[in-house]
Amino acid sequence: MASRETAKRRLTILGSTGSIGTNTLDVVARLGGRDSFEIVALTGNGNIPLLAQQAIAHGAELAVTADDNHYASLKAALAGTGIAVASGRSGLIEAAERDAGWVMAAIIGNAGLAPTLAAASRGADIALANKECLVSAGSLFIEAVKRGGGRLLPVDSEHNAIFQVLEEHQRHAVERIILTASGGPFRTKSLEEMRHVTADVARAHPNWSMGLKISIDSASMFNKALEMIEAKHLFGLKPEQIEVIVHPQSVIHSMVGYTDGSVLAQLGCPDMRTAIGYALSYPSRCDLPIERLDFAKLSRLDFEAPDEVRFPAIRLARRAMEEGGVQGAVLNGAKETALEAFIAGETGFLTMAEIVEQVMDKLSDLPAAITMDDVFAADEKARQLAAGLLHQ
Ligand code: NDP
């Protein structure tokens with residue numbers, strides 16, 4: 001198992017150039033920078049100038065671009081610095097396998113699965129932002145973490161909230177969890193209004209500042225769908241124990257309901273750095289100088305049931321959880337393909353859920369995954385089918 005409790009935390013960030021990655025480096029700086037952390041490896045994909053700048057500023061040992069085509073420019077940008085450079089799938093695995101006690105898993109989408117799994121398998125503590133690991137690989141991923149012996153620390157704000165208020169000694173008394181959802185930019189829009197929206201409109205989240213794909217997933221509520229499946233695996237719950245409530249202010253980040261009727265909630269400003277700081281400091285609490293919640297200025301907290309007609313993603317998540325097997329991987333693979341087509345302007349906003357549902361219909365009899373290869377195969381089948389349906 002990798003060494004965990006050293007004076008300085010040795011940290012690798014998979015996906016350092018993204019929204020979670022840059023917020024993580026911001027938290028690292030606020031928690032003492034090089035006095036508190038040693039940055040082992042940083043990875044990105046296309047944003048080579050930022051990756052090189054981060055690697056130099058934080059004294060990383062290794063910088064990796066996932067795209068082999070960018071290897072030469074990353075190598076040139078880091079020439080003379082002594083920072084090792086790698087690329088491609090093998091480069092990501094090399095980053096994940098370097099001896100860092102802590103790994104922030106913040107690559108977007110299914111691309112994050114293999115490197116996060118490699119880090120979990122060698123026993124690193126995983127700060128998990130990449131929800132796709134649990135959505136696609138579910139119990140196989142949890143088993144890999146258990147075998148490795150590291151801790152799984154949720155960074156997704158809802159799961160981090162539940163992790164904070166889920167009392168370990170009261171686990172048997174958990175009746176339900178309630179995931180909050182902002183409702184996104186289209187919370188009050190009709191189906192007709194949503195039909196013609198573009199990616200630029202859909203990415204404008206009312207409360208959270210996030211990457212492009214997760215912002216659009218929030219607008220379609222596919223983000224909440226993924227989070228429902230993520231919660232099932234993370235907290236070992238039955239589908240019927242997972243509720244979603246729309247809470248437009250995003251102040252309550254999620255709640256746990258117990259058998260005695262008590263509901264415990266975690267609240268805060270909508271700022272991912274709270275969850276990141278919590279995960280990187282666990283089991284202690286850090287001293288994080290970011291905005292505080294001002295209750296005197298909070299005039300109201302609203303709640304409403306999600307509309308599963310306008311946002312079918314919620315219904316599809318329930319179906320994937322109930323059917324089990326590889327349906328999480330199927331839902332996610334089809335969703336990622338449809339989302340990329342939507343971003344490219346090749347399909348409509350509402351079509352994304354239609355494509356996902358059709359792919360789930362066609363692949364409903366796939367056998368459960370026994371190995372990770374079964375997960376990757378289901379993901380690939382879903383992508384191929386979705387691409388075929390999109391180009392019909
Ligand atoms: P971004 O799109 O902002 O960043 C994604 C990161 O992954 C970047 O470093 C990007 O590199 C890299 N990347 C992109 N494609 C690939 C690829 N094919 N292979 C390897 N690396 C790749 O995403 P977010 O930071 O928003 O989200 C990251 C993860 O965290 C997602 O799983 C998301 O669901 C989850 N999450 C995010 C939240 C947020 O607030 N943003 C909140 C909760 C969860 P480059 O930029 O160099 O191209």
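In listed order, ligands and their atoms are each counted from 1. Not measured: the values here are computed from a predicted model.
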In the protein, what heavy atom is nearest to [atom], and what distance, to one decimal place, separates them?
{"atom": "atom 19 (N) of ligand 1", "value": "A66 CB, 3.4 Å"}
{"atom": "atom 6 (C) of ligand 1", "value": "A106 O, 3.6 Å"}
{"atom": "atom 43 (C) of ligand 1", "value": "D156 OD1, 2.9 Å"}
{"atom": "atom 14 (C) of ligand 1", "value": "I108 CG2, 3.6 Å"}
{"atom": "atom 3 (O) of ligand 1", "value": "S19 N, 2.9 Å"}
{"atom": "atom 25 (O) of ligand 1", "value": "I20 N, 2.9 Å"}
{"atom": "atom 21 (N) of ligand 1", "value": "I107 CG2, 3.4 Å"}
{"atom": "atom 4 (O) of ligand 1", "value": "G18 CA, 3.1 Å"}

Counting N and O atoms only, with roles assigned by atom type, does the side chain of D379 sit under 3.5 Å from a partner on the main chain of V330, one being a donor and the other an acceptor?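 Not confirmed, D379 side chain does not pair with V330 backbone.
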Would you check if the side chain of R98 reaches a backbone N or O of T12 as a donor-acceptor pair within less than 3.5 Å?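 Answer holds: no.
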At a non-hydrogen distance cut-off of under 4.0 Å, which region of K213 contacts ligand 1 (side chain, backbone, both, or neither)?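 Neither; nothing of K213 gets under 4.0 Å from ligand 1.
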For ligand 1, does M210 get within less than 4.0 Å through its side chain, its backbone, both, or neither, judged by non-hydrogen atoms? both
Pull out every atom of ligand 1 sitting under 4.0 Å from any heavy atom of [X], numbered as shown with elements.
{"X": "A129", "value": "30 (O), 32 (O), 35 (C), 36 (N), 44 (C)"}
{"X": "G211", "value": "3 (O), 26 (O), 41 (N)"}
{"X": "A111", "value": "17 (C), 18 (N), 19 (N)"}
{"X": "I214", "value": "26 (O), 33 (C), 34 (O), 36 (N), 37 (C), 38 (C), 41 (N), 42 (C), 43 (C), 44 (C)"}
{"X": "N130", "value": "32 (O)"}
{"X": "N47", "value": "45 (P), 47 (O), 48 (O)"}
{"X": "T17", "value": "8 (C), 9 (O), 10 (C), 11 (O), 45 (P), 46 (O), 47 (O)"}
{"X": "G44", "value": "11 (O), 47 (O)"}

Within a strict 4.5 Å, meaning less than it, do heavy atoms of the I20 and I276 side chains meet? yes
Considering only heavy atoms from C-beta outward, does the side chain of L128 approach that of C133 to under 4.5 Å?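 With C-beta onward as the side chain, the pair touches.
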Under 3.5 Å side-chain donor-acceptor pair for T116 and N130: no
Considering only distance and modelled atom types, tabulate donor-acceptor pairs under 3.5 Å from the side chains of residues 71-83, sequence neighbours left out.
from : atom 1 : to  : atom 2 : distance (Å)
S73  : OG     : H70 : O      : 3.1
T81  : OG1    : L78 : O      : 2.6
T81  : OG1    : I83 : N      : 3.1

Is the closest N or O pair between [X] and ligand 1 shorter than 3.5 Å?
{"X": "S157", "answer": "no"}
{"X": "G21", "answer": "no"}
{"X": "N45", "answer": "yes"}
{"X": "L212", "answer": "no"}
{"X": "G46", "answer": "yes"}
{"X": "N223", "answer": "no"}

Taking all heavy atoms of [X] and all of [Y], pick out the closest pair and write down the distance.
{"X": "A100", "Y": "V40", "result": "CB-CG2, 3.7 Å"}
{"X": "G277", "Y": "S281", "result": "O-OG, 2.8 Å"}
{"X": "I245", "Y": "F303", "result": "CG1-CB, 3.9 Å"}
{"X": "L113", "Y": "A137", "result": "CD1-CB, 4.0 Å"}

Exceeds 12 heavy-atom contacts within 6.0 angstrom, atom CG of D260: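 Atom CG in D260 is packed in, count exceeds 12.
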So with a 6.0 Å cut-off around CZ of R203, is the heavy-atom count from everything else above 12? no
With under 30° as parallel and over 60° as perpendicular, where do the rings of F235 and H159 fit, or are they tilted in between?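 The rings of F235 and H159 lie parallel, inter-plane angle below 30°.
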I'd like to know whether the aromatic ring centres of F186 and F311 sit less than 6.0 Å apart in this structure.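 No.
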